[in-house]
Amino acid sequence: MTKISRFETLDVVVTIVPCLEDNYSYLVECTKTGARVVVDPSEAKPIRGVLGDGTLDAIWCTHHHFDHVGGNEALVSGLGIREVLGHESESARIPNFTRGVKHGERFKLGHLDVEILFVPGHTRGAIAYLVSSSATRLLFSGDTLFLAGCGRLFEGTAAMMLESFDRIAACPDDTQIFPGHEYTASNLRFTQSLGFVDTDDALTEVKEKRAHDVPTVPWTLGTDKRLNAFFNVDNAALVSKLGLATSDRATIFGALRKRKDTF
Ligand SMILES: [Zn+2]
């Protein structure tokens with residue numbers, strides 16, 4: 001069982017809460033004001049466990065899948081949480097939904113700035129939450145971006161997901177990535193199989209963490225751009241490895257996604 005762990009900077013604390021088989025929910029707290037939310041509560045019990053006597057200002061949902069919203073009902077009824085956020089297009093599929101948000105929308109979590117990125121592909125209404133201050137940048141990327149990987153295309157197209165990846169790539173390279181699942185080891189093996197970048201050090205570190213039941217998350221967007229095949233559709237070595245005679249980025253992205261589906 002993966003251990004609960006914490007990521008701390010000057011102005012924010014993230015508690016990484018393992019849920020179900022390999023999901024992560026995140027408790028995000030502004031240290032100056034105590035304002036706090038949970039991202040993607042897969043189930044209520046582990047969240048209640050880390051909350052103690054306190055409550056939450058809101059639940060932030062990245063998309064409607066059950067393993068990301070399964071704890072909504074029990075948390076809302078048990079703690080009286082007033083806000084459950086998600087993309088407006090998924091309002092009917094997210095339990096206890098109260099507030100639709102859209103791309104580019106900005107609001108505050110205590111002293112922290114929050115911006116919504118619309119990142120469809122895994123679902124048609126998937127969003128990511130970018131939390132930032134002068135000292136901190138964190139991205140809660142759901143099942144769109146995993147460390148070294150990409151979510152499955154359940155509802156969207158490769159072109160749509162590529163656009164979402166391009167949107168995320170525009171964030172600062174020091175942004176810490178907090179994805180919806182612990183898939184890093186298998187994603188890195190996929191990268192290794194493509195041979196466009198040296199994965200030895202990263203694989204060693206990830207295996208070491210997993211051997212001790214420690215989460216591999218987060219790492220930075222800069223690291224991910226180097227190790228994630230899906231950020232490398234313009235990499236000539238990768239494209240030639242795929243045996244594709246095209247420079248069409250969406251075609252390359254789609255071919256990568258297909259290859260990973262059966263990896
Ligand atoms: Zn999902």
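Note that the structure is predicted; figures quoted are calculated from it, not measured. Any value given below was found using the heavy atoms of this structure, including those in side chains, with hydrogens, waters and symmetry copies removed.
Note: Leu130 CG to Ser132 OG = 5.0 Å, rounded to the nearest 0.5 Å. Here CG of Leu75 is found 10.0 Å from CD of Glu73. Values are rounded to the nearest 0.5 Å. One finds the CD atom of Glu115 at 10.5 Å from the CD atom of Glu105 (value rounded to the nearest 0.5 Å).
Remark: Glu205 CD is loosely packed, at most 12 non-hydrogen atoms of other residues, nucleotides or ligands lying under 6.0 Å away. Within a 6.0 Å radius of CG in Asp201, no more than 12 heavy atoms belonging to other residues, nucleotides or ligands are found. Summarising the local packing, CZ of Arg99 is surrounded by more than 12 heavy atoms from other residues, nucleotides or ligands at distances under 6.0 Å.
The shortest side-chain heavy-atom distance between Arg257 and Met161 does not fall under the 4.5 Å cut-off. Residues His103 and Arg167 are in side-chain contact: their nearest non-hydrogen atoms beyond the backbone lie under 4.5 Å apart.
The closest side-chain donor-acceptor pair between Ser141 and Thr144, if any, does not fall under 3.5 angstrom. Remark: the Glu182 side chain and the Thr2 side chain contain no N/O donor-acceptor pair separated by less than 3.5 Å. Of the N and O atoms on the side chains of Thr9 and Thr136, at least one donor lies less than 3.5 Å from an acceptor on the other residue. Counted by atom type alone, Asn72 and Asn96 present zero donor-acceptor pairs between their side chains at under 3.5 Å. Side-chain atoms of His64 and Glu155 form a donor-acceptor pair, as typed in the model, at a separation below 3.5 Å. Under 3.5 Å, the side chains of Asp40 and Ser25 contain no donor-acceptor pair of N or O atoms. Looking at Ser133 and Asp11, their side chains do bring a donor and an acceptor atom within 3.5 Å of each other. Between the side chains of Glu90 and Thr123, at least one donor-acceptor pair of N or O atoms lies under 3.5 Å.
A salt bridge is defined here as a Lys NZ or Arg NE, NH1 or NH2 lying under 4.0 Å from an Asp or Glu carboxylate O, and Arg36 with Asp57 fails to meet this definition.
Residue Ile59 is not grouped with residue Val13 when hydrophobic side chains (ILVMFWY) are merged at heavy-atom distances under 4.5 angstrom, including chains of intermediate members.
Put simply, the residue from Ile177, Leu139, Asn228 that forms a side-chain contact (heavy atoms from CB on, under 4.5 Å) with Leu221 is Ile177. Across Phe107, Trp60, Phe140, Phe178, a single residue satisfies ring-ring contact (aromatic ring centres under 6.0 Å, His included) together with Tyr129, and that is Trp60. Shown are Asp174, Asp113, Thr175; of these, the side-chain hydrogen bond (donor to acceptor under 3.5 Å, both in side chains) with Arg137 is made only by Asp174.
Cation-pi contact between Arg226 and Phe196: absent, since separation from the ring centre below 6.0 Å together with deviation from the ring axis within 45° is not met.
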